[in-house]
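Structure first, commentary second.
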Amino acid sequence: MAHYTLLFFLIVCTLFSSCHNQKTKVVIEGDLHHGGNRMIRLARIEDAGLVMLDSCYMQNGHFEFNVVARTPEEGTILALPMLYQLIVNQDNSITTMAQSNEHLSVVADADNMIRSYHVLGGEEAMLMVTLDSALTVFILQTDSLWTCYQQAMENDSLRVRVEQDYNVLVEHHTAFLRQFIQAHPSNMASYIAFYQRYNRKKFFDEEKDFELLEALTDRLSQQYPDHPYMIRMQQKVENIKNLKYDTD
């Protein structure tokens, strides 16, 4: 009888442990065209910076990462929507977003991940795809204008026209980002939308667009009061407030 009691206890513990791990785990897997057997790395962007989590060699372009919380602190981080990077090399990576109990499936071209990737799985991850796809369109359009600009170095009127067209593209993309934030005020992807940039071009300015930044921070901080990204944003909002107060 004692033998069966012990066996039952072990089975219950195993099932409980399995359920617990499922709730404190993020799975990120995918297939990269032209990936071959190259190495791919997974990192998480935390408040202190980039934290390398794991790496593996792809099998004919396929990879899978299982991020499991091994401590209560890791469980707390894993439960929040955090930014994760899949890195093939220094100049070829994508950033997505995931939280515990999510399974992301990624498809991309290993030679140009950012311009080709798609994700199925978590809501935040799919919203990140929307943001990156829109930015890719913007980049392609601006690259075309830059080619025209270089060819028009001796033509003042044409250069002015190219600059005007560029400003229109910036206005349209900024309007898209603003609409995105307004449509998804409770999603962490909107935080990424506010700080999206291309090279040195920022689409929003923290001081000029302070009303939008403050409203977004208040909304997300209510939903994720202990999120390290939100704590940093709250500090930034307070600093801007103090600066504006001192200036006034």
Side-chain angles (χ1 to χ4, degrees), residues 26-33 40 42-45 50 63 65 67 80-88 91-145 166-206 209 211-213 215-224 227 229-230 233:
V26 168
V27 178
I28 303 178
E29 56 92 18
D31 292 279
L32 302 187
H33 303 303
I40 184 169
L42 178 68
R44 184 166 57 219
I45 301 176
L50 197 66
F63 67 89
F65 292 110
V67 185
L80 299 171
M82 300 288 290
L83 292 170
Y84 290 84
Q85 277 194 346
L86 289 168
I87 307 165
V88 173
D91 300 318
N92 192 10
S93 65
I94 60 171
T95 302
T96 186
M97 192 175 288
Q99 61 190 95
S100 57
N101 208 31
E102 287 188 344
H103 186 140
L104 305 189
S105 181
V106 181
V107 176
D109 189 319
D111 295 327
N112 195 339
M113 293 176 68
I114 190 63
R115 292 193 178 187
S116 63
Y117 89 101
H118 295 278
V119 177
L120 292 178
E123 180 184 10
E124 299 285 3
M126 290 188 284
L127 288 174
M128 290 285 290
V129 174
T130 299
L131 289 173
D132 284 333
S133 296
L135 183 61
T136 295
V137 172
F138 173 82
I139 292 171
L140 290 173
Q141 292 173 324
T142 54
D143 284 352
S144 178
L145 284 179
Y166 171 75
N167 290 333
V168 169
L169 290 178
V170 170
E171 290 175 6
H172 286 172
H173 188 69
T174 304
F176 161 78
L177 292 175
R178 189 179 297 275
Q179 291 171 359
F180 180 95
I181 293 171
Q182 292 170 346
H184 306 284
S186 299
N187 288 93
M188 286 296 296
S190 291
Y191 161 73
I192 307 304
F194 186 90
Y195 285 103
Q196 191 179 74
R197 60 191 296 173
Y198 174 54
N199 291 334
R200 291 180 295 178
K201 176 60 185 176
K202 296 180 180 179
F203 298 100
F204 291 112
D205 181 273
E206 290 178 341
D209 299 289
E211 184 176 338
L212 178 64
L213 175 62
L216 178 61
T217 302
D218 289 345
R219 183 70 174 264
L220 290 175
S221 296
Q222 290 176 17
Q223 187 163 346
Y224 303 106
H227 200 301
Y229 298 165
M230 291 304 100
M233 279 186 74

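Taking the six-membered ring for Trp and thresholds of 30 and 60 degrees, Phe65 and Phe63 have ring planes inclined between 30 and 60 degrees apart. Between Phe204 and Phe194, the ring planes lie parallel to each other; the angle is under 30°, not in the 30° to 60° tilted range.
Screening residues 182-192 for salt bridge (Lys or Arg N to Asp or Glu O under 4.0 Å), with sequence neighbours left out, gives no hits. Listed by first and then second residue, the salt bridge (Lys or Arg N to Asp or Glu O under 4.0 Å) pairs involving residues 174-187 are Arg178-Asp209 (not counting sequence neighbours). Screening residues 104-123 for salt bridge (Lys or Arg N to Asp or Glu O under 4.0 Å) gives Arg38-Asp111, Arg115-Asp143 as the qualifying pairs, with residues at least two apart or on separate chains. Sequence neighbours left out, not one pair with a member in residues 98-122 passes ring-ring contact (aromatic ring centres under 6.0 Å, His included). Applying the salt bridge (Lys or Arg N to Asp or Glu O under 4.0 Å) test to every pair with at least one member in residues 188-202, sequence neighbours left out, gives no pairs at all.
No side-chain heavy atom of Met97 sits under 4.5 Å from any side-chain heavy atom of Leu104. Using a 4.5 Å cut-off on side-chain heavy atoms (C-beta onward), Thr95 and Ile192 make no contact. Contact annotation: the side chain of Phe176 approaches that of Thr130 to within less than 4.5 Å [non-hydrogen atoms, C-beta and beyond].
For Gln223, the side chain to side chain contact (heavy atoms under 4.5 Å, CB included) partners two or more places apart in sequence, or in a different chain, are Ser186. Partners of Ser133 under the side-chain hydrogen bond (donor to acceptor under 3.5 Å, both in side chains) rule, at least two apart in sequence or in another chain, do not exist in this structure. The side chain to side chain contact (heavy atoms under 4.5 Å, CB included) check on Ala193 picks up Leu131, Leu177, Phe180, Ile181, with sequence neighbours excluded. The side-chain hydrogen bond (donor to acceptor under 3.5 Å, both in side chains) check on Thr174 picks up nothing, with sequence neighbours excluded. In this structure, the side-chain hydrogen bond (donor to acceptor under 3.5 Å, both in side chains) partners of Gln196, at least two apart in sequence or on a different chain, are His173. Residues meeting the side chain to side chain contact (heavy atoms under 4.5 Å, CB included) test with Ser221, sequence neighbours left out: Thr217, Met230, Gln234. For the side-chain hydrogen bond (donor to acceptor under 3.5 Å, both in side chains) test, residues two or more places apart in sequence or in another chain that qualify with Tyr84 are Arg44.
Remark: side-chain polar atoms of Tyr229 are paired, donor with acceptor, to backbone N or O of Leu83 under 3.5 angstrom. Panel note: side chain Asn187, backbone Glu124; no donor-acceptor pair is recorded below 3.5 Å.
The aromatic ring centroids of Tyr191 and Tyr224 lie 6.0 Å or more from each other.
For the pair Pro81 and His227, the tightest heavy-atom approach, listed with the atom from each and the gap, is O-NE2, 2.8 Å. Annotation for Leu213 and Tyr195: closest pair CD1-OH, 3.8 Å, computed over non-hydrogen atoms. In this structure, Ala189 and Leu127 approach most closely via the heavy-atom pair CB-CB, 3.8 Å. Shortest non-hydrogen contact noted between Val26 and Ile28 is CG1-CG1, 3.8 Å. Of all non-hydrogen atoms in Asn92 and Met113, the two that sit nearest each other are OD1-N, 3.1 Å. Smallest separation of non-hydrogen atoms from Ser190 and Pro185: OG-N, 4.4 Å.
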